[in-house]
Amino acid sequence: MSSSKLGRWIGFLFVLLVVASMLLYTAKDSTVSGPANVVDGYEKWDPELVKEFGSMPIQDGGRIKPVSTWAGFELLAINGKRKVRFESNGEKVSIKPTEWVLDLMFRDELASKMTVFQVEDDAVLDMIEMPHDGKKRRDRYSMAEIQGHLKQVDKLRDEIAQKTKDEREPIEDQFIGLVSNIQSYVSISSHFSPVKEAMADKSSSLSDELRLFSTWVERWPQLSQFLAAAAQQEGKQMDGLNKVANMISMRVLDSVYSDIALFPPSDPEQASWPKRQGWLSQYMQNKVPADQDQFQYLREMETLALAYGKDGQQGLLEAVKLYKATVQTKMDERGEGKSLKSEMVYYKMDYFYYSITPFILGFIIVACGWISPATRWGRGCNRIAWGLLVIGALLLITGITHRSILMNRPPVGNLYDTIPFITAIVILVLGFIEYVTKRGVCLGLAFFLASIGMFLAMWYEQSKGVDPMNPLIAVLRSNFWLATHVITITIGYAGGLLTAGLAHIYIFARVFNIDEGDKSFRRFMTRIVYGGVCFTLFFSLVGTILGGVWANDSWGRFWGWDPKENGALIIVLWTLIILHARMAGYLREWGIHICAVAGSILVTFSWWHVNFLSIGLHNYGFTAGDGLKAIWAFYCLEAVVIFIALGYAINEILRKKQQKNAAKLEAE
Amino acid sequence: MSKKPTNPITKIFALIGGFQVAIVCMVLLLILTWLSTLEQTGPGGLYWTLEKYFSFGAYYVRPTLYGNDLPIYLPGGYWVCAIFTLNLLFGGLMRMRKGWKHAPILVSHFSMLMLMIGGAMTYHQSREAYMLLAVGETGDSAFSLTELSIEIAEVKEGQKQEPLVISSELLAGVRGKPTRQREFLLPNFPFDATVSEYHIHNELFPVQGNAPEGVHVVDGYYAMPTEPTGAEETNLSACIITLKERSSGKQHELLLFEGISHDLTVTIEDKIYGLRLHGEIWNTPFRVRLDDSRGEKHPGTGMAMIYESDVTVLDENGSAERKFKIEMNKPLRYKDLTFYQTSWNDAGPKVESGFTVKTNPSDQWPKYAIYTCGVALFVHFIIKLFGFVSNSIARSKNEQ
């Protein structure tokens, strides 16, 4: 077998390896590890109820969104994925976020058995003296398991709260993450707690009105006086009164954790929807005045809860429909919630997730074509791949556009936004080069980078667990600057990465002799990498200086040596160095490609690494966790490629020198 | 780069304007930028890291990475930029080939030169201070958050007279160098002053029992120096000022602490003098009245959505000249000054707006630079792209 053919087979196997790794990564989080989570007696929610409940509006993160979106990110933050899997009566069950929220709100006894709390390092559990025998270092736990250790959690949280962010150990940060997840969980599970049950059953002497907790709350000033007066008198009724008083105090105690805003206020000028939080507790202690919005919110929640208590899922479904109609009228008056349906469609379409299929499939098909490129087989593979690339690109671009319409801003405003956008730019540019040159080089790279990009988007969304469509801080709320500076700088990142990708192809083609010494291919690759460097320079330079002009209007300085600014400057300087060194004759073929690969390290530093430094004014993407390890792994990988290329380049120079000397000696 | 230089002066020009110098400068700037980015995360923070890497006085730098000094010395960023600017001038403009083909690159080099000179002008000529106004208030001065001066003024019948200011520039030699002291002769006062023990960040304590060893106790108080924070505006400086009466030689010691918001007084020759260490005052050439200030948060969150202020610029007589609205990303530019909305606070009895007030002669240079450079590079690269595309199409046709 010739070395070039061997090289093509290596390329093909490399593709299979990459695809297998991606699929394994996806499978990893979908597989239940260790002993199965058993939640016996589980009854599935009616799909219509799930749909209706999921489309209810909620105010969260500064915007109105469907409950299904909110539930998805709540579950993602706690569980690390959007599904909960368990066994019930010997059957495997998988539930989605809205179903999980329904369980948590209405069937807490079942939800508490579900292992949803993802703990990255079991040392966190040691901190609260919670046993974890038989579990992995990174595993999931149920509320029922954590429940008994909440006192230790509170104590430790108070201790850690005394420390500054810099003083905290990484494991303490993880613990704070767990505390935040427990708070979110309790906020949901306790939302209906005060109103889940009537104050007395129908057989009691209480009037229908007084059997509602909301009535007691609304009439609390009078009823509390009545209870106090009755307490003065001894008699047979005392037991009943004590029971009522205890019931009220238990409900009030339970009510303080809810941090959920489901019902719009009556005042159209008031942007914030009411949240219960500690209001009920303070009101019952006469610390805050009566609030009609809170009363109505409580009544509406009571109607939902009692409907479920009385008639089960069917009752809840009817109540949810009525409730939604009421909320819709209020939202129409306030001019809110116009994009709720569109958002439901966006998440249903899941463009980015579905784009992975054509990208991976296309990658495999292109790789199949590499085995015999100049045949009908190769050309056929190429045509199919083109079709898949167009499908993937359309899905991606539609997703980006749909998001942009929903957010009412240009497509890039936070770190998550950059990932699909960069992927789309990479596909479009590589597709354009392929279309113009028809060398069959860029197609495979486009699929490879697109697959990596979409997996990165998935990973980032899962690891952050925060809705990336939430609104931006004041200084970023400028569609003009988002559309100019942010877009251009992001295109610059895309340019740097695709240029590095092309340089990798050159290096691999040389190392595995896939090009069979074809000098025109080498010149072609060098020309497009050179073009890529120019592309990167143009967008990075324009983007960086536009950023400076924006900063001058926002913060009063053109350049502040902020890490994100510095990262962009580093890319600009690096591309300028490459271009000038090439013009001066210091860099030739190998040099340009090696420098382009090094460029990917600098782009990664600017795009991702600076977000881990936790300093600077560009604080829209601070992140932590395994991401830093992945970045270092990428640096190491690229360093290996650079060293291999350097080795080959030096070897080639020495060989040519020897040949020259030998020719010279021969001539003498 | 066209002809080979012959005489020594042209050789020097050629060297400074050469590719080698350009590449070395850019590599050094890249390394300095990268290292300063990482070092910002350390205790020095942004302010001190920039002082170390890019200030006029930083001729060389010894980088520190994750708390360890690296065994290398690099030239200071300011001076690398200066050489790079010369390189752009000599190599990128003067010595570069002229002609239509090279026009876009020449223009982009010119834009970059403009940017570098603009940067230098900003560094040396710009001035920045902070003005805090409550709604209804009028301001005619701003104070620096990072540059401190000492004010000395006579107090007559409870009224502070026109103060004498020992500027931050004059104090620069002793600031952060507690072993040094500097004497100031004050001919308008019956005393001279010596500033010493000037620490950048301190905590002030009253003496309770025995004061810690080594501290300088003045009037029952002492300042305990601590490590300066990276955010310079949060540091609280303190120094000892010794006033020596010229007639009697009698000395009066005062402990000036930035955190004290009023003057410390001393009586000399039956006259009362007030002294204070605080942000340098900058009198603005016009007065500004805050008419209204609004702030909004994203509903249900603590995240800022809008900060904006309505202001009126008043002329010398106090009559209104013009009304403006200052918003995030939309500052007020008026008579060489720019007002940026920096903070907003509605916690007190009146809503307050904080403005960064800045003067910068090269304020708009980057904007013009990017317009010209963007267009020039676009034209250049489009020409190159067309060449590449037409070649590729021709090649495909030939192959067919």
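Every chain is numbered from 1, with letters handed out A, B, ... down the list of sequences.
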Partner of B/N329 under side-chain hydrogen bond (donor to acceptor under 3.5 Å, both in side chains), picked from A/W555, A/W550, A/W481, is A/W550
Output for pair (B/M305 CE, A/L476 CG), nearest 0.5 Å, gives 14.0 Å
Would you call the rings of A/F524 and B/F388 parallel, tilted or perpendicular, taking 30° and 60° as the class edges? parallel
With a 4.5 Å cut-off on heavy-atom pairs, point out which of B/E296, B/M303, B/K384, B/E327 contacts chain A the most. B/M303
Look at B/W365, B/F54, B/W34 and state which one has the largest set of heavy-atom pairs under 4.5 Å with chain A. B/F54
Part of A/F605 within contact of chain B (heavy atom distance under 4.5 Å): side chain
The interface call for A/F535 against chain B, heavy-atom contacts under 4.5 Å, is neither
Just checking B/Y368: does its OH atom have more than 12 heavy atoms from other residues, nucleotides or ligands closer to it than 6.0 angstrom? no
Shorter than 4.5 Å, heavy atoms on both sides: which option in A/D259, A/T437, A/T544 has the most such pairs with chain B? A/T437
Does B/D346 CG have over 12 foreign heavy atoms under 6.0 Å away? yes
Honestly, the part of B/K297 sitting under 4.5 Å from a heavy atom of chain A is neither
Can you tell me if B/H298 uses its side chain to pair, donor with acceptor, with the backbone of A/L472 under 3.5 Å? yes
Do you know which of B/I306, B/L385, B/L46, B/L50 has the most heavy-atom pairs under 4.5 Å to chain A? B/L50
Shortest non-hydrogen contact from A/S272 toward B/P299: OG-CA, 3.6 Å
I'd like to verify something: which residue of B/I370, B/T301, B/T338 has the highest number of heavy-atom pairs under 4.5 Å with chain A? B/I370
Interatomic spacing from OG1 in B/T33 to CH2 in A/W561 - rounded to 0.5 Å: 4.5 Å
Could you have a look at B/Q341, B/R333, B/Q364 and say which one has the most heavy-atom pairs with chain A under 4.5 angstrom? B/R333
Would you mind checking which part of A/L541 comes under 4.5 Å of any heavy atom in chain B, side chain (CB onward), backbone (N, CA, C, O), both or neither? both
Residues of residues 428-435 of chain A near chain B, each having a heavy atom less than 4.5 Å away: A/F432
Which answer fits A/I570, side chain, backbone, both or neither, if we ask what part of it has an atom under 4.5 Å from a heavy atom of chain B? both
A/D553 side, atom CG; B/D363 side, atom CG - distance, nearest 0.5 Å: 8.0 Å
For the atom pair NE2 (A/H609) and OG1 (B/T37), what is the distance rounded to the nearest 0.5 Å? 10.5 Å
Most contact-rich option vs chain B, by heavy-atom pairs under 4.5 angstrom, among A/V542, A/V549, A/I577, is A/I577
Closest non-hydrogen atoms of B/M328 and A/A474, given as atom of the first, atom of the second and distance, are CG-CB, 4.2 Å
Got a sec: does the OH of B/Y130 have more than 12 other heavy atoms crowding it under 6.0 Å? yes
Separation between CG (A/N552) and OH (B/Y340), nearest 0.5 Å, reads 4.5 Å
Indicate the atoms forming the closest heavy-atom contact of B/G300 with A/K275, along with that distance. O-NZ, 3.5 Å
Note: vs chain A, highest number of non-hydrogen pairs under 4.5 angstrom among B/N391, B/V357, B/I393, B/N360 is B/N391
Pairwise distance CG(A/L587) to CD1(B/I23) - rounded to 0.5 angstrom: 7.5 Å
With a 4.5 angstrom heavy-atom cut-off, could you sort out which part of B/I31 is near chain A: side chain, backbone, both or neither? neither
Where does B/K358 contact chain A at under 4.5 Å (heavy atoms): side chain, backbone, both or neither? side chain
A/A584, part contacting chain B, at a heavy-atom distance under 4.5 Å: both
